[in-house]
Number of protein chains: 2
Amino acid sequence: MTFVFNERDGCGKCPIRHRAICARCDDEEMELLEKTKSYVTFEAGQTIVWRGDTLKYFSSVVLGIASLSRTLEDGRTQMVGLLLPSDFIGRPGRETVDFDVTAVTDVTLCRFERKPFERLVEDLPHLSHRVMEMALDELSAAREWMVLLGRKTAREKIATFIEMIVRRDTVPTHDAPRHVLPLTREEIANFLGLTIETVSRQLSLMKKDGIITFSDRRSFVINDLAALQDATGDDADGGVII
Amino acid sequence: MTFVFNERDGCGKCPIRHRAICARCDDEEMELLEKTKSYVTFEAGQTIVWRGDTLKYFSSVVLGIASLSRTLEDGRTQMVGLLLPSDFIGRPGRETVDFDVTAVTDVTLCRFERKPFERLVEDLPHLSHRVMEMALDELSAAREWMVLLGRKTAREKIATFIEMIVRRDTVPTHDAPRHVLPLTREEIANFLGLTIETVSRQLSLMKKDGIITFSDRRSFVINDLAALQDATGDDADGGVII
DNA sequence: CGGTGTATTGATCCCGTTCAACTGTTGTGG
DNA sequence: CCACAACAGTTGAACGGGATCAATACACCG
């Protein structure tokens, strides 16, 4: 059922082939990419790059989830983005990394050396257009999240987060639509600009209100999607985040 | 002293010629842009485009300041970006606008019809690379702002805001470094995720602490830049926002 | 002058934080 | 198999920063 990924397979069998930076590339262009790519994996919790490091590689997330975050001197941490399969790490034309990149789950990256990749971006319009398109989408997503961070209540933040998880849970499992929280309470708190206690309390409230049901602490079922969407604070058409 | 802008002048005399999307373009490319550009102005307070509208034009801000914002159903508003001269409006490859764009001051835009511009982006790599570069910078700026919105205190928010105004006030006026707040208290509040009362109080506190001095309600002088930077909550090297 | 809109200041309230105790789960070693 | 340590998560009680409500000050303009 789950997608089996094998590093030996060519790009043709890659699970993110049609969503990642290479989505628009033709066979000829794929050959160039395939020649220079390599895979690397990180265990959950490992830091992939630190803010301030000079960027050695551009990468796409193939499997797993990574996060972008910034920590203030006194330890307060804000997550500024979740990197899901097909998402891209690196800014062509910029030397350094400006946020910490961390593996949230075990992560597999498809990686390119900086210099050769920047040359490819120059040469392959299909590639650079896709990179730009993805950057613009991320920009919109970041701005949507700014609204959440600046103006939403704790309940609205939690509802928006759950709704986001549900919406992009691309794998519609067998019968009951069961979903998994990919983050710990602490990570959720850092994503939403809250404390773990508030996250825990609000999740308990949504449970008590009958909107969601938890089987264990990580996986849940939606009982009342309308009520959930109502609780996000967005208008009907909704903010489309990522 | 101030830059005199005349719509009749060619792009050669344009005040944003070397910072805007056209920064990298050569003479030949400029000719193509010049042929299709037109200028348009908006008065302070006017809405330039509404969220959801289909985008008819791509534009660069030439003079003045515009804002990007989102308003929730119940009226809560979050500003998600300030558009200063040379900043770009529009997402090549996307049909609709996803945030309200409003003129904060009187604004002059250099404007291109959507279809012809998208064709130019396809054809001129210098143009598309600059657009991508600017999008990536804005993405970083948006993420920096997410840290502010999610984790900073009211005082830190105000200090960061003032510091940003000071840092990018490119016009180092005559003798005393006098700066102008381009936004009303309400706009500052919507930018920082605060209420106008809190903004007012924190500005008064910074005044009482001797960090800044107001001549009138819009213009001020920095007395203690170190203390200001200290109050931002960022580490020494600082977050570079826009 | 008053009128209108913006900004400041004060008093009170409340949501989310903080501090703290407890629960539940998992893994390790005797 | 149990003891217990280590850690993630939940729940409670009290606090406090920023919001809310309200009154006042200030600037601009007729």
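Any value given below was found using the heavy atoms of this structure, including those in side chains, with hydrogens, waters and symmetry copies removed. In what follows, chains carry the letters A, B, and so on, assigned in the order in which the sequence lines appear, proteins first and then strands, with residues in each chain numbered from 1.
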Does C/dT6 have OP1 or OP2 sitting under 4.0 Å from an N or O in the side chain of B/T184?
no
Check the distance between D/dG17's P and B/Q202's CD and give it to me in whole angstrom.
11 Å
Whole-Å distance, A/R151 CZ to C/dG16 P, equals 14 Å
Measure CD1/B/I196 against P/D/dG18 and give the value in whole Å, please.
17 Å
In whole angstroms, the gap separating P of D/dA19 from CG of B/L192 amounts to 10 Å
Over how many whole Å does the gap from B/R218 atom CZ to C/dA7 atom C1' extend?
11 Å
Do we see a donor-acceptor contact under 3.5 Å between the side chains of B/T71 and B/T77?
yes
Could you tell me if the side chain of A/E187 sits less than 4.5 Å from the side chain of A/S67, heavy atoms only?
no
Just to confirm, is there a sub-4.0 Å distance from OP1 or OP2 of C/dT8 to any side-chain nitrogen or oxygen of B/S204?
no
OP1 or OP2 of C/dA7 under 4.0 Å from side-chain N/O of B/S200
no
Over how many whole Å does the gap from B/R185 atom CZ to D/dA25 atom P extend?
18 Å
Spacing between B/F214 atom CZ and C/dT6 atom P, to the nearest angstrom:
18 Å
Over all strands shown, is B/L203 touching base, sugar-phosphate only, or nothing at heavy-atom distances under 4.0 angstrom?
nothing
Looking only at side-chain N and O atoms, does B/R217 come under 4.0 Å of OP1 or OP2 in D/dC26?
no
Select from A/L194 and B/T198 the residue whose nearest nucleotide in DNA chain C is closer to the 5' end of that strand.
B/T198
Would the base of D/dC21 count as contacting B/E197 through its side chain, where contact means a donor and an acceptor less than 3.5 Å apart?
yes
For the residue pair B/S140 / A/R94, report whether a side-chain donor-acceptor contact shorter than 3.5 Å exists.
no
Nucleotide D/dG18, atom C1' - distance to CG of B/L149 in whole Å:
15 Å
Does B/R201 have a side-chain nitrogen or oxygen under 4.0 Å from the phosphate oxygens OP1 or OP2 of C/dT8?
no
Is a side-chain donor-acceptor pair under 3.5 Å present for B/N223 with B/T213?
yes
Mind checking whether A/T160 and A/E144 have side chains closer than 4.5 Å, heavy atoms only?
no
